[in-house]
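Within every chain, numbering begins at 1; the chains are lettered A, B, ... in the order of the sequence lines, protein sequences first and strands thereafter. Because the structure is predicted, anything quoted here is derived from the model rather than measured.
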Protein chains: 2
Amino acid sequence: MAGAGSAAGSVPGVPGQPVVVRALSLLAQFTEQRRALNLSELARLADLAPATALRMVRHLTEWGALEKLEDGRYVVGVRLWEIASLSPRGHGVRQIALPYLEDLYEVTRHHVLLAVREGHEAVLIDRLSSRTATEVAYRVGGRMPLSTTAVGQVLLAYTAPDVQEELLAQPDGEGGGPGRVPAKDLRALLAEVKQAGAAVVRRTHPSQTVSVAAPIRGAGGDVVAALSIVVPDAATQAHEMVPLVRASALAISRSLGHQGKASGAWRHPAPAARGNSSA
Amino acid sequence: MAGAGSAAGSVPGVPGQPVVVRALSLLAQFTEQRRALNLSELARLADLAPATALRMVRHLTEWGALEKLEDGRYVVGVRLWEIASLSPRGHGVRQIALPYLEDLYEVTRHHVLLAVREGHEAVLIDRLSSRTATEVAYRVGGRMPLSTTAVGQVLLAYTAPDVQEELLAQPDGEGGGPGRVPAKDLRALLAEVKQAGAAVVRRTHPSQTVSVAAPIRGAGGDVVAALSIVVPDAATQAHEMVPLVRASALAISRSLGHQGKASGAWRHPAPAARGNSSA
DNA sequence: AGTGCATTTTCACTCAGTGAAAAGTACGAT
DNA sequence: ATCGTACTTTTCACTGAGTGAAAATGCACT
């Protein structure tokens, strides 16, 4: 490859980025607000020469990662979606958790959320909402802050200490939105969450709501996702919800192959592959 | 790059495949049955030198397209899932169609399917199924043949003639499974489907069922997806379902911005972006 | 200690990828 | 019609990013 940023102009900030990463960075330019992009936008956003962007976009399109609209703009393709649906932490947990989410929704008739941690944020894997429920700020596939949401706090509380430190060390950068919590308080908060096996967060912003979240464990015993319900503040005493959410989360954990507590006294024959071959 | 297939051994069949495509072909090795692959499997399946596969897999992992398990195997990452959730023809239609699918499900209590065409097959975008309903063969994110399924026939019937010809010209290759239909009969069948605005397929294989599918149109007026219900053969006269499915499909089409028939006499102010910013 | 298999590092070679520039295309304004 | 602007696509000579064989390392059985 030519001097990506060596000799000529280009941005010295991104000199020798591998081709693969550059191609992926094109995909990363698509967001909720920007679902369709034309070539020059893509090139500009990804900081690539138009000719380079064109070549890559063509390869991506040819393969199906992108699709070209009639107006010349590009959108994320079904082929990519198809493969992404094999993501264990994406559609994977969703598939298994869905029936339980539905039960929880059936019983409460409030928002039910399922999220996993991805880097310094939580990603919303699925959401069930009645059309008449209160508004929620997040969409499926979108990201939510770790420290200020119930699911986020649960995921954070059960994260390996080293990663946790890394996150707590962060200044206020990123999503330091409304309810920014000082690292000190957060540390204490996370301890409480772990203690209680659930997080309860009161919110006033989009509307008056209370979220209750609990951890979901995988076969390995570590927390792989978080389950949450969001109820209008006026509704039931929020804390009454804690056992319900925890129980549902435990049920999902069991479906994922988690063997209850670490008291490995006896074991079932083996939950085996559990191919979730249906859905 | 070195002579991918020029001088030395290697497979002469895939000589100068672009890097991007090769990287993507690694992703393409993941399937329903093979959700976790180790490096050598990936290298073998994608026909790459181990060293090359390693380098690429590292880039993919670094970026989040893949995730490395503790046992060293790789799985599709959440980051990819996240971006794929922006696919208009994937999660996009799903988001908009979901409420209507739910209504249809509520009323019938049978399987409800949503699918789009991708190349020579249909991809199942979403499925609602009661736990007690009859079995279905396909999973969300999976592929189904065009010519032998109700959704497939609908998608095929409304495909641009040139693509249609290309598909009909095919020998028996691909999914030529149980109910292989001769090209001639299929042509007539598709005409009927277009005439009726729906496809009805009777099936005996996994179980005795009847599928009824209808086309969903996008803002441009062309068919972008197909809606279907699958009922046990014993149930209601299948043909009674046709109006129901067609009506649901029309409702979804409207939500997608389709302006009814092509009688472009008057127009609404503009359905605008319809950001489906919720979900 | 020894065998077999997977992962990772090394290294010299070279061709796939690069980007500036120019040509082609589409659309609007004047 | 004629010019202007912005986007897309082609061309081309250059070169360093990517390549893969081979060797080293690591790991799990035996």
Side-chain angles (χ1 to χ4, degrees), chain A residues 1-27 29-30 34-63 65-75, chain B residues 1-27 29-30 34-63 65-75:
Chain A
M1 292 81 215
S6 50
S10 241
V11 175
V14 195
Q17 197 104 74
V19 205
V20 179
V21 173
R22 282 198 242 169
L24 291 172
S25 91
L26 280 170
L27 294 180
Q29 301 313 320
F30 291 90
R34 310 183 149 280
R35 288 188 181 230
L37 296 169
N38 61 25
L39 185 60
S40 45
E41 284 172 317
L42 273 169
R44 207 176 313 127
L45 291 168
D47 191 31
L48 296 172
T52 303
L54 175 64
R55 230 176 313 112
M56 285 180 165
V57 163
R58 271 193 187 149
H59 292 147
L60 291 169
T61 306
E62 173 196 326
W63 186 82
L66 293 180
E67 292 173 9
K68 191 172 190 174
L69 265 34
E70 289 145 22
D71 63 3
R73 291 183 306 165
Y74 296 87
V75 295
Chain B
M1 291 82 212
S6 49
S10 238
V11 174
V14 195
Q17 196 105 74
V19 204
V20 180
V21 174
R22 282 199 240 170
L24 292 171
S25 91
L26 280 170
L27 293 180
Q29 302 312 320
F30 292 89
R34 309 184 153 279
R35 289 189 181 229
L37 297 169
N38 60 25
L39 185 60
S40 44
E41 284 173 317
L42 273 169
R44 205 177 314 125
L45 291 167
D47 188 32
L48 296 172
T52 303
L54 175 65
R55 231 174 315 112
M56 284 180 165
V57 163
R58 272 192 186 150
H59 292 148
L60 291 169
T61 305
E62 173 197 327
W63 186 80
L66 294 180
E67 293 173 9
K68 191 171 190 173
L69 264 36
E70 288 144 24
D71 64 2
R73 291 184 304 166
Y74 297 87
V75 295

Chemist: Please report the C-alpha distance between B:W63 and A:V20 in whole Å, then the side-chain angles of each, then the deciding distance to 0.1 Å, and finally whether the side-chain contact (heavy atoms from CB on, under 4.5 Å) criterion is met.
Modeler: CA-CA 9 Å; B:W63 186 80; A:V20 179; over 6 Å; no

Chemist: Mind calculating the distance between CG (A:D71) and C1' (D:dA6) to the nearest angstrom?
Modeler: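 Answer to the nearest Å: 15 Å.
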
Chemist: I want to check something: taking the side chain as every heavy atom from C-beta on, are A:N38 and A:D71 in contact at a cut-off of under 4.5 Å?
Modeler: no

Chemist: Separation of A:M56 atom CE from D:dT8 atom P, in whole Å?
Modeler: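 Rounded to whole Å, this separation is 17 Å.
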
Chemist: Could you tell me whether the phosphate oxygens of C:dA16, OP1 or OP2, come under 4.0 Å of any side-chain nitrogen or oxygen in A:R55?
Modeler: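 No, because none of the side-chain N or O atoms of A:R55 sits under 4.0 Å from OP1 or OP2 of C:dA16.
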
Chemist: Roughly, in whole Å, what's the span from CG in B:L48 to C1' in D:dA21?
Modeler: 15 Å

Chemist: Using a 4.5 Å cut-off on heavy atoms from C-beta on, say whether the side chain of A:L48 contacts that of A:L42.
Modeler: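 When only atoms from C-beta onward are counted, A:L48 and A:L42 do not touch, as no gap falls below 4.5 Å.
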
Chemist: When the axes are fitted on five pairs at both termini, how much does the helix from C:dA1-D:dT30 to C:dA22-D:dT9 curve, in 10° steps?
Modeler: 60°

Chemist: Under a 4.5 Å cut-off applied to non-hydrogen side-chain atoms, are B:V19 and B:M56 in contact?
Modeler: yes

Chemist: Below 3.5 Å between N/O atoms, which protein atoms pair up with nucleotides 27-30 of chain D? Just atom names and distances, please.
Modeler:
none

Chemist: What integer distance in Å separates B:Q17:CD from D:dT19:C1'?
Modeler: 15 Å

Chemist: Go through the structure and list residues passing side-chain hydrogen bond (donor to acceptor under 3.5 Å, both in side chains) with B:T61, not counting sequence neighbours.
Modeler: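 By the side-chain hydrogen bond (donor to acceptor under 3.5 Å, both in side chains) rule, B:T61 matches no residue at all.
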
Chemist: Rounded to the Å, how far apart are A:H59 NE2 and D:dG18 C1'?
Modeler: 15 Å

Chemist: Going by the rule side-chain hydrogen bond (donor to acceptor under 3.5 Å, both in side chains), which residues pair with A:R44 if we only count those two or more places apart in sequence or in a different chain?
Modeler: none

Chemist: Quick one, give me the B/S/- string for nucleotides 3-11 of chain C, reading 5' to 3', where B means a protein heavy atom under 4.0 Å from the base and S means that only happens at the primed atoms, P, OP1 or OP2.
Modeler: ---SSBB--

Chemist: Under the side-chain hydrogen bond (donor to acceptor under 3.5 Å, both in side chains) test, which residues partner B:Q29, sequence neighbours left out?
Modeler: none

